[in-house]
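Each chain gets a letter, A, B and so on, in the order its sequence line appears, and its residues count up from 1.
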Number of protein chains: 2
Amino acid sequence: MATVSKEDYLSVIFKNLDDKNEVKANVIAEKLSISNAAVTDMLKKLSNEDLVIYEKYKSIKLTENGFLYAKNMVRRHRIWEMFLHQVVGIPWDKVHEEAEKLEHSSSDYLINKIEEMLNFPEFDPHGDPIPAKDLKLPKQKKSVKLSLMKINQKGRVVRVNDFDNEFLSYISKIGIELNAKLKVKEIREFDKSMHILVGNKDWNISQKIADNIFIEIIDKGNL
Amino acid sequence: MATVSKEDYLSVIFKNLDDKNEVKANVIAEKLSISNAAVTDMLKKLSNEDLVIYEKYKSIKLTENGFLYAKNMVRRHRIWEMFLHQVVGIPWDKVHEEAEKLEHSSSDYLINKIEEMLNFPEFDPHGDPIPAKDLKLPKQKKSVKLSLMKINQKGRVVRVNDFDNEFLSYISKIGIELNAKLKVKEIREFDKSMHILVGNKDWNISQKIADNIFIEIIDKGNL
DNA sequence: CTTTTAATTTAAGCTTACTTAAATTAAAAA
DNA sequence: TTTTTAATTTAAGTAAGCTTAAATTAAAAG
């Protein structure tokens with residue numbers, strides 16, 4: 001049986017898979033703010049339900065079923081985010097935590113209806129791809145971290161990490177939103193902080209900020 | 001702490017208060033499909049949290065806090081129903097069970113936003129009043145059960161009970177919706193079934209159906 | 001007023017999802 | 001290769017929200 005708790009485990013596992021498609025139990029415990037012992041417990045249950053591959057002392061993998069379940073959770077989450085942002089008008093930095101609750105309480109029927117109403121969006125308000133009904137992901141535009149851009153390069157915001165509300169709220173305040181154009185004006189080597197132009201305003205941003213904004217470089221056109 | 005389970009208890013208690021503003025533990029158990037022993041257990045907890053007034057072997061009352069909490073649950077439920085029906089286009093007979101899940105997973109902030117977006121509706125898709133932010137109920141139009149109408153009386157549907165999906169789905173199919181006009185053409189005494197005119201079509205409905213539809217009688221005008 | 005019936009409570013036990021503390025294992029460092 | 005460290009598991013225990021069965025109480029019927 002799928003409970004809120006199990007759904008959270010599957011989501012966390014999915015989002016933290018490494019290059020070998022594995023996660024350490026360790027990581028799951030941290031992300032969910034629970035003890036390692038609790039994770040061991042639950043992994044045995046998820047394994048019995050054919051959702052994860054679990055062997056003592058080894059890293060965790062998802063089964064085929066587990067992958068499908070987790071992707072569907074991502075789908076629910078991102079469709080809710082899109083809906084809350086576009087239709088209800090909830091600001092960028094608040095949609096994540098509302099969607100976090102709603103994703104456990106909505107039938108596939110409802111999600112499909114909402115998706116239809118939104119005209120089958122491909123990306124959520126943070127630029128993350130929304131899995132389709134068949135759980136396939138749309139292609140994403142090539143992008144680089146803002147922190148890796150060079151002086152005088154221009155680009156368009158295509159994705160931001162939604163790891164922290166304060167971060168989202170801050171970048172939103174300085175005019176950084178999806179598709180916003182910006183230009184790198186200075187980079188200070190000693191702390192890698194940047195001076196950027198967003199619209200017609202100048203801002204200083206730390207490396208940590210720039211690490212979480214993804215840009216599609218544009219060569220032509222003015223800012 | 002407010003859990004899904006506690007919220008369900010409070011909702012059921014609120015919806016089943018008698019003329020003395022009391023409910024028997026018995027009734028709660030039936031409505032929630034759980035044992036009486038479980039109800040006793042939970043009532044003690046709710047009492048400790050100052051949500052219900054509980055004394056051994058006596059009927060249950062809500063405290064001031066309990067009333068507020070329960071009314072807010074009703075508010076959440078009905079705003080979700082309205083939203084799902086009007087904005088997402090979910091049919092009449094399906095909104096109830098979706099709202100039943102969503103009502104536990106939405107912040108007051110979100111509910112207020114949705115309410116604003118809907119332009120502060122007073123009644124949900126079944127004609128039930130939606131408590132405002134201050135939890136006050138809008139005034140309802142005077143209405144009578146369809147089953148109590150006389151031959152040749154005309155009226156307008158102002159509310160239906162949403163106790164059963166099949167019922168809602170059926171009456172929707174025969175053209176009965178909020179504000180629909182109808183006229184009683186015949187009443188068969190032996191089973192109290194009725195012959196009614198809805199729009200320009202005739203239908204036979206059982207007493208059980210007619211018991212769950214509420215009508216505002218209209219004297220003038222044609223059908 | 002006493003008996004019967006129905007509602008309620010108590011008691012013991014279960015499952016889920018957690019906790020802490022101790023034991024074990026695997027991986028990294030010496 | 002041995003030792004140390006870090007990750008993981010086991011064991012024992014807890015709280016929430018249920019269950020069934022037995023005991024108690026209140027209300028209804030005689």
B/S/- contact track for nucleotides 8-14 of chain C, protein heavy atom under 4.0 Å: BBBB---
Nucleic acid contacts - residues 2-19 of chain A versus DNA chain C, non-hydrogen atoms under 4.0 Å: T3(A), S5(A), K6(A), Y9(A)
Partner set under salt bridge (charged side-chain N to carboxylate O under 4.0 Å, His left out) for E216(A), not counting sequence neighbours: R156(A)
Residues which pass salt bridge (charged side-chain N to carboxylate O under 4.0 Å, His left out) with E122(B), listed by chain and number, not counting sequence neighbours: none
Interatomic distance where CD1 belongs to I34(B) and P belongs to dA16(D) [whole Å]: 16 Å
Non-neighbouring partners of D18(B) that pass side-chain contact (heavy atoms from CB on, under 4.5 Å), sequence neighbours left out: K20(B), E22(B)
D128(A): salt bridge (charged side-chain N to carboxylate O under 4.0 Å, His left out) partners, not counting sequence neighbours: R159(A)
Heavy-atom side-chain contact between I28(B) and N16(B) under 4.5 Å: no
Euclidean distance, atom CD1 of residue I60(B) to atom C1' of dA7(C) [Å, nearest integer]: 12 Å
d(CD, E22(B); P, dA7(C)) in whole Å: 16 Å
By salt bridge (charged side-chain N to carboxylate O under 4.0 Å, His left out) - contacts of K24(A) (at least two apart): none
Nucleotide dT15(C), atom C1' - distance to CD of E49(A) in whole Å: 13 Å
Sequence neighbours excluded, every pair satisfying salt bridge (Lys or Arg N to Asp or Glu O under 4.0 Å) that has a member inside residues 100-118 of chain B: R75(B)-E115(B), R76(B)-D108(B), E98(B)-K101(B)
Pairs involving residues 36-47 of chain A, ordered by first then second residue, that meet salt bridge (Lys or Arg N to Asp or Glu O under 4.0 Å) (sequence neighbours left out): none
